Number of protein chains: 4
Amino acid sequence: MPTRRERTRQRLYEAAVELIAEHGYSATTVDQIAERAGVAKGTVYYNFASKAALFGELLEYGVERLAAALRTAAEGRAPLDALDAVVGAELAFIGQYEAFARLLLAETWRAGGDWQNAARLIRERAIGVIADVLRAAVANGDLRADLDVGMAASAVFGMVLTVALDWRTLQPARPLTDVHATLVDLLRGRIAGPAT
Amino acid sequence: MPTRRERTRQRLYEAAVELIAEHGYSATTVDQIAERAGVAKGTVYYNFASKAALFGELLEYGVERLAAALRTAAEGRAPLDALDAVVGAELAFIGQYEAFARLLLAETWRAGGDWQNAARLIRERAIGVIADVLRAAVANGDLRADLDVGMAASAVFGMVLTVALDWRTLQPARPLTDVHATLVDLLRGRIAGPAT
Amino acid sequence: MPTRRERTRQRLYEAAVELIAEHGYSATTVDQIAERAGVAKGTVYYNFASKAALFGELLEYGVERLAAALRTAAEGRAPLDALDAVVGAELAFIGQYEAFARLLLAETWRAGGDWQNAARLIRERAIGVIADVLRAAVANGDLRADLDVGMAASAVFGMVLTVALDWRTLQPARPLTDVHATLVDLLRGRIAGPAT
Amino acid sequence: MPTRRERTRQRLYEAAVELIAEHGYSATTVDQIAERAGVAKGTVYYNFASKAALFGELLEYGVERLAAALRTAAEGRAPLDALDAVVGAELAFIGQYEAFARLLLAETWRAGGDWQNAARLIRERAIGVIADVLRAAVANGDLRADLDVGMAASAVFGMVLTVALDWRTLQPARPLTDVHATLVDLLRGRIAGPAT
DNA sequence: AATGAATGAGGTTTCATTCAT
DNA sequence: GATGAATGAAACCTCATTCAT
């Protein structure tokens with residue numbers, strides 16, 4: 001059973017993720033976070049050292065969950081199946097934590113960036129899982145030996161992220177399986193027309 | 001020959017794009033923009049109604065250039081060649097206007113967003129060009145008839161954008177043709193290993 | 001017992017009235033108001049939505065007090081006595097809240113005006129009380145039946161205001177009763193010389 | 001025939017008076033003045049040393065005209081007739097130069113005031129004419145000997161000013177003669193009802 | 001005689017943070 | 001454990017003034 005403090009922190013997490021996803025880190029104020037969480041402004045500072053610290057913990061927490069979801073999906077599968085499963089897991093994660101996904105896109109792909117560490121974290125953890133799967137597929141002979149694994153992993157991650165956000169924005173009613181199928185087809189090179 | 005005002009506006013455009021790409025819209029101050037452009041702060045406001053207006057015009061201008069580059073690349077080519085060319089053009093654009101590309105990713109993929117109009121603009125103009133190419137490929141029998149063109153276009157755009165930015169960040173020395181080749185292979189489904 | 005917030009707001013009211021009376025609304029800065037009230041600039045904005053809102057609440061508050069003072073003075077008196085009393089009350093009010101009276105003159109008699117609402121308020125509330133007294137005097141047969149009550153009320157109000165401010169500026173030592181007597185004589189038509 | 005410069009200055013006078021009457025001196029910008037006058041901003045500074053100088057010349061010019069109008073009206077009349085004529089002249093002046101009258105009220109009745117000189121000027125010139133008339137009436141035995149001439153002059157001036165501006169605002173269609181008649185009745189003490 | 005782009009001091013407003021309750 | 005009034009640095013923006021044309 002969570003303590004009162006736990007519950008307050010959780011409420012602040014959620015409020016912060018939603019607001020930052022909508023307006024960005026800088027444009028989100030501590031006042032707004034407190035209001036949406038239903039607590040007084042002082043309470044934010046009773047629970048977190050600063051606005052930046054709240055955001056940092058948030059990112060860490062979210063990226064950890066994303067990476068864990070991807071790792072779990074890949075475990076114990078044959079390489080190509082694992083790739084499909086990882087794509088499915090990324091889609092599912094975005095479907096459930098859409099706000100966090102937008103936050104990821106919006107705040108981490110900067111040039112100099114105040115959150116460059118976080119960005120590296122994401123590449124290393126989330127894209128790293130995809131790269132591992134691709135490497136296994138290459139080792140298994142499923143993908144050709146000279147594939148640039150790092151670049152391909154980055155491509156897969158970005159492709160899924162972009163498509164997933166367009167999905168949530170433009171056709172949220174569409175079932176996940178549908179989107180998943182299209183993405184897998186794209187990845188497997190199955191979009192060619194009838195042999196001529 | 002550009003007027004004095006024209007030249008000043010151009011300098012402000014450039015300064016703003018770079019800064020916003022690095023720190024985001026909210027975290028970039030008008031002072032910084034003015035300083036980098038080498039003008040006084042008041043000059044920013046003499047030339048643009050507000051910080052938001054400057055950013056708005058900026059997005060419009062950049063998206064227009066990107067869409068034009070993609071359209072030009074596609075023109076007069078057979079569908080699948082056009083797809084390769086469009087990917088190449090997007091890569092080239094990002095290589096040249098990296099700052100603008102980061103800004104696009106960082107500021108437009110928000111949920112509610114103050115720049116939702118801009119986001120729609122991008123989807124309609126830039127991704128629209130890709131969708132047109134894919135549609136032509138389907139009509140030509142190069143891609144299968146039931147392909148979800150909209151989703152595929154979004155996937156291509158996001159994949160290229162993500163890869164390109166990782167390329168600029170992690171291995172800027174690598175030649176564009178190299179990256180282009182990998183992306184085209186991915187798109188054409190040529191990454192399968194030796195037939196088993 | 002007033003809350004802390006109440007006390008701060010009151011201090012801000014007083015500081016603002018004095019400064020605006022001296023320099024006008026536009027020429028008075030929020031910095032000055034905060035300094036005279038002995039609080040930080042941010043505190044002004046914690047207590048009022050904006051400089052304009054502070055001024056608006058100020059006017060409302062002051063006009064309400066003025067109208068109340070005039071109404072109280074008139075109550076339970078015969079019409080002509082009531083008129084004398086109302087003039088006395090206006091004089092006393094200006095004597096005590098000179099700053100507010102100057103502010104009234106300076107900021108509300110504009111043409112298009114951002115404070116036209118406030119101006120109308122004043123006419124309706126303060127001048128309205130005088131008009132009521134005059135109307136009662138007409139009904140009582142003390143003043144002639146075809147008197148333009150609205151115009152006369154406006155005349156009385158303006159006459160007293162102008163005289164009172166000249167009094168405070170030029171001969172502040174002079175007792176109120178003296179000024180009151182002269183004004184009442186003027187109003188009652190007792191300034192004619194010896195019958196010829 | 002006025003020179004080109006003369007005409008420009010005149011247009012700037014008029015634009016400035018109207019704008020300052022509406023929004024006050026501080027709230028009126030040089031940009032607005034230039035725009036309403038139909039000239040470029042630089043032209044304002046080609047013709048006047050500063051915004052304050054423009055306003056100063058404006059006040060001087062206007063007060064001079066007002067005082068002259070009052071003096072002319074009084075000349076060569078018997079004291080009490082002169083009083084009526086002066087009131088009529090003040091009304092006529094305000095009817096014609098309403099904007100200037102509002103400006104006078106709004107900017108000169110301040111406490112500390114940046115335009116205190118101007119305020120003194122007005123009292124001395126405009127109210128002074130009225131005081132002279134009243135003094136003559138006292139000397140002539142038309143008004144009682146112990147009348148406080150200064151205070152009465154101030155009362156007359158303020159009464160007329162207030163009534164005139166309410167007239168222009170609330171019932172501009174009403175003829176001047178009507179307003180004049182009511183004011184004169186008030187001044188002559190002719191508002192008493194039927195003798196009881 | 002007039003212009004309008006440019007300036008920078010100074011204004012209003014926002015907001016992360018502190019602290020007494 | 002939580003509050004909310006207060007703070008002041010720093011943001012956006014305005015505007016009187018200058019000056020090259």
Side-chain angles (χ1 to χ4, degrees), chain A residues 3-9 26-35 37-54, chain B residues 3-9 26-34 37-54, chain C residues 3-9 12 26-34 37-54, chain D residues 3-9 26-35 37-55:
Chain A
T3 64
R4 182 178 179 191
R5 179 156 188 173
E6 255 1 282
R7 269 179 290 128
T8 302
R9 282 176 65 93
S26 295
T28 297
T29 71
V30 174
D31 267 296
Q32 287 165 2
I33 295 172
E35 191 187 350
V39 301
K41 194 190 337 200
T43 304
V44 178
Y45 285 87
Y46 185 75
N47 284 282
F48 295 93
S50 68
K51 184 189 171 187
L54 165 55
Chain B
T3 66
R4 182 177 181 197
R5 185 161 188 167
E6 221 81 51
R7 270 179 288 127
T8 303
R9 284 176 64 94
S26 295
T28 298
T29 71
V30 174
D31 267 296
Q32 289 165 3
I33 295 172
V39 300
K41 183 165 30 173
T43 303
V44 178
Y45 288 90
Y46 185 73
N47 284 282
F48 296 92
S50 66
K51 183 188 171 188
L54 164 55
Chain C
T3 65
R4 183 178 182 194
R5 184 161 187 169
E6 221 81 49
R7 271 179 286 129
T8 302
R9 283 176 65 93
L12 285 169
S26 295
T28 298
T29 71
V30 173
D31 266 299
Q32 289 164 1
I33 295 173
V39 299
K41 184 167 25 175
T43 303
V44 177
Y45 286 89
Y46 185 73
N47 285 282
F48 297 92
S50 67
K51 183 187 172 189
L54 165 55
Chain D
T3 65
R4 181 178 178 192
R5 179 157 189 172
E6 260 352 287
R7 271 180 288 129
T8 301
R9 283 176 65 93
S26 296
T28 297
T29 70
V30 174
D31 268 296
Q32 288 165 2
I33 295 172
E35 191 188 349
V39 301
K41 190 178 358 189
T43 304
V44 177
Y45 286 86
Y46 185 74
N47 285 283
F48 295 92
S50 68
K51 183 189 171 188
L54 165 55
F55 184 56

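A quick note: this is a predicted structure, and the numbers were derived from the prediction, not measured. The sequence lines fix the lettering, A, B, ..., with proteins before strands; numbering per chain opens at 1.
Using a 4.0 Å heavy-atom criterion, one finds that A:T29 contacts the sugar-phosphate atoms exclusively. Within 4.0 Å of B:S26, counting heavy atoms only, lies no atom of the nucleic acid at all. Within the 4.0 angstrom heavy-atom criterion, only backbone atoms of the sugar-phosphate kind lie near D:V39; the bases stay farther away.
Under 4.0 angstrom from either OP1 or OP2 of E:dA2 there lies at least one side-chain N or O belonging to D:T8. Remark: D:Y46 is in phosphate contact with E:dA1, judged by side-chain N or O atoms under 4.0 Å from OP1 or OP2. Within the structure, a side-chain polar atom (N or O) of B:R4 is placed less than 4.0 Å from OP1 or OP2 of E:dA6. Dashed line: the shortest gap from a side-chain N or O of A:N47 to OP1 or OP2 of F:dG1 is not under 4.0 Å.
Summary of the strand contacts: C:T43 and B:G42 both lie near DNA chain F, and taking for each the nucleotide with the nearest heavy atom, the more 5' one is attributed to C:T43.
Counting only distance, with no hydrogens or angles, the side chain of D:K51 and the backbone of D:T28 share a donor-acceptor pair below 3.5 Å.
Side-chain proximity of B:Y45 to F:dC13, E:dT17, E:dT3: nearest is F:dC13. Picking from E:dT12, F:dA16, E:dG4 the nucleotide with the shortest atom distance to the side chain of D:K51 gives F:dA16. Checking E:dA5, E:dG11, F:dT3 against the side-chain heavy atoms of B:R5 singles out E:dA5 as nearest.
With pairs defined as Watson-Crick or G-U wobble and both atom distances under 3.5 Å, the stems of at least three pairs that touch DNA chain F come out as E:2-21 with F:2-21.
The line from OG1 of A:T8 to CD of A:E6 is 9.0 Å long, rounded to the nearest 0.5 Å.
Side-chain atoms of D:K41 and base atoms of F:dT17 include a donor and an acceptor less than 3.5 Å apart.
Exactly one residue among A:I33, A:L54, A:V30 makes a side chain to side chain contact (heavy atoms under 4.5 Å, CB included) with A:F48. That residue is A:L54.
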